[in-house]
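Read the structure below first, then the notes.
Here is the naming used below: chain letters follow the sequence lines, and residue numbers restart at 1 for every chain.
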Amino acid sequence: MRREAGPLKRILPYLGPAFVASVAYIDPGNYATNIQAGSEFGYTLLWVIFASNLIAILVQAMAAKLGIASGKNLAEQCRAHYPAWANYGLWIMMEIVAIATDLAEFLGAAVGLELLFGLPLWIGGILTAVATFLILGLERYGFRPLEAVITGFVAVVALSYLVETFLDRPDWPLLLSSFAPPRLPGAEGAVLAAGILGATVMPHAIFLHSALTQNRLRPPDAAGLKRLFRFELVDVFVAMGVASFVNAAMLVMAAAAFNRHGLHDVATLEKAYLTLEPLLGKGASVVFGVSLLASGLSSSTVGTSAGQIIMQGFVDRHIPVWLRRLITVGPSLLVIFLGLEPTRVLVISQVLLSFGLPVTIFSLLRFTADRRLMGELANSRLENILLGAAASLVTVLNLFLVVKLVA
Amino acid sequence: MFERILVTLDGSAASEAALGPAAALAERLGSALVLLHVVERRPPRLVHGQAHLSSPAEAEAYLGRKAAELRARGLAASVHVHEGVEAGTARAIAAHSGELDFDLAVMAVHGGRGLAELLSASLPLRVAAACGEASCADEGAAVLVVRAGRPLGAALPSRIVLPLDGSPDHEASVPRAAYLAKALGLPLRLVSVVPRHGAEGGGPGSALALLAPALSGASLEYSAGAAEAYLASLAARLGAEGLAVEVIVERGRPVPALLRLLSPEGDLAVLSTHRRLGLDASLDGCFAAGFAAAYRGASLIVPIAPRGVAPTGVAPKGAAR
């Protein structure tokens, strides 16, 4: 008689894909903020990366739990419970966040093309626009080979950073000292910290996670829902865990390549491949360029889908996917044609993302704590405390940033 | 149901492919036929290499001849020519739903349109979408699409296939499929295709599978099991009404998997649509749009009622005729 597989055996087939999913959390926004943070401040902001990843794990798990338990995504819950003016305000804010997200992906891909082929940024931008439309069409057919190629290139860079970090033998005591006490070195440090936070926690990903089980048959009983939630925990712990180490490794290598040699202000995405030269040699620029291009293009699907879910949820409207893509491509091309420095723009775009977090996380807390909505999956007291602390920390950081910038 | 059947003709042999199935259905169901031609402001001289009606007078004469042929078979047939189309042919046809009181439109499409179908939906799909809007009747007329050059067997199908995904919206196709199966004495095959992994469904599913593969996979595993239970329950209900029903649950990409289960010569696919069209539908992973573009047999497209309009089940339209 066959015995039913134990819990670990049931989860094992999904561990591989969850590792692969970590690649989806490493986008051009992460590249830019990590490289700048490491080059300007050495290891000082390393604690921000791990804190951001812990917040991301918590928030995304809660978002998925909301969708699993209630059958509605976060935007739909807001529409059901908030007044119309609040929903329109939130929708507009999130659309700005979506544009900022797309901007980062766009610029990253365009810089990748510049690195690979020496193309002027504006040509890279146009090619990226065309490529993102093509990918939208290919995704319709679940084009697995393309996904595998994209994943492969980003994974190469991710692994390279991890390996390099250990080979480089960083100053571990100095590295660990960044955690005790955690600090923000001035206004610029606060900007980069907010950028790291926005690049890691990603407000649009929160809305997307809450829509994970929509349009699918859901278990009618609490036991089935809890089982689904356990798989989500596998996803976030494995994927975000791996992503946190990769992001940390990027910062550490940027600190080694630039900050250690007194080069505090030269770190741009165009120069960031230098951080990979110790391991990859002359191929570093090619590998880095391809991974930047790949991560930018692969993230475009996530941003577009999130935008559709956000609009449908908040204001019950639907626009064609291609039109959404066209709208968000516009500001990205404008930034390129204006000749603004792409790395700095990338960092600012991630800072914008962080401003979308407080209201998102507080809303998530409000709904996941509600037993009428969540049933047996309602938050425990500890979850409420952790989520509240995360929302408060993000809010304080944003306020600190505003005060520092104004001052 | 299906008391008045609309047949749209443009003078070409391709469009006349709709006459056979429409007449066969009318004979079996006791329906009246209405032949319609919509005169475009600048009608083409040819369509698919065949002459296209170019004036109201020509259309009246042509439709009159066809109606006479149908009456000779003992069928009730009337004609209507609509002039001066402004809002598009599909909307013009759908707008006649009230005036001509039809609840089934039979239209022929010529071959496959390939990429063109992905960018701009075929006329039957656009008519179904227009019929589903709130301005039309409560349930919206369904559209029977037949392929010119691939006649529907002996003009009538030999089996009805009903793809379902468990969502209440898509059950809009069930009453009409059941009605046809009962009226024509046909077996019914209920099919559910669950993607093997999140990216196979297209649309937001691809992004979600990218971010959360474990949950996406587990959710689909649950969906597959739940689909079997759902179809079994529906099959039992339909079986109690005297229908012969079989159930199939497949895993894979929805459109290709369903196509493998269908025989274009004899199977009539009955599916519902949210009325998204063209590139929007293609990019959003809309099943109906993708299937309609790929299937070479006949399909009955049922528009899903707009929100706030509850489907009323089987309800004859208009006054007794």
Distance check, rounded to the nearest 0.5 Å: A:Phe231 atom CZ versus B:Ser219 atom OG?
10.5 Å
Output for pair (B:Leu215 CG, A:Arg227 CZ), nearest 0.5 Å, gives 11.0 Å
Mind checking ring-ring contact (aromatic ring centres under 6.0 Å, His included) for A:Phe229 and listing every partner two or more places apart, or none if nothing turns up?
none
Can you tell me which residue pairs pass the salt bridge (Lys or Arg N to Asp or Glu O under 4.0 Å) test with a partner in residues 57-68 of chain A, sequence neighbours excluded?
A:Lys65-A:Glu383
Out of A:Val238, A:Asp235, A:Val234, which one pairs with B:Pro213 under the side-chain contact (heavy atoms from CB on, under 4.5 Å) rule?
A:Asp235
With a 4.5 angstrom heavy-atom cut-off, could you sort out which part of A:Ile68 is near chain B: side chain, backbone, both or neither?
side chain
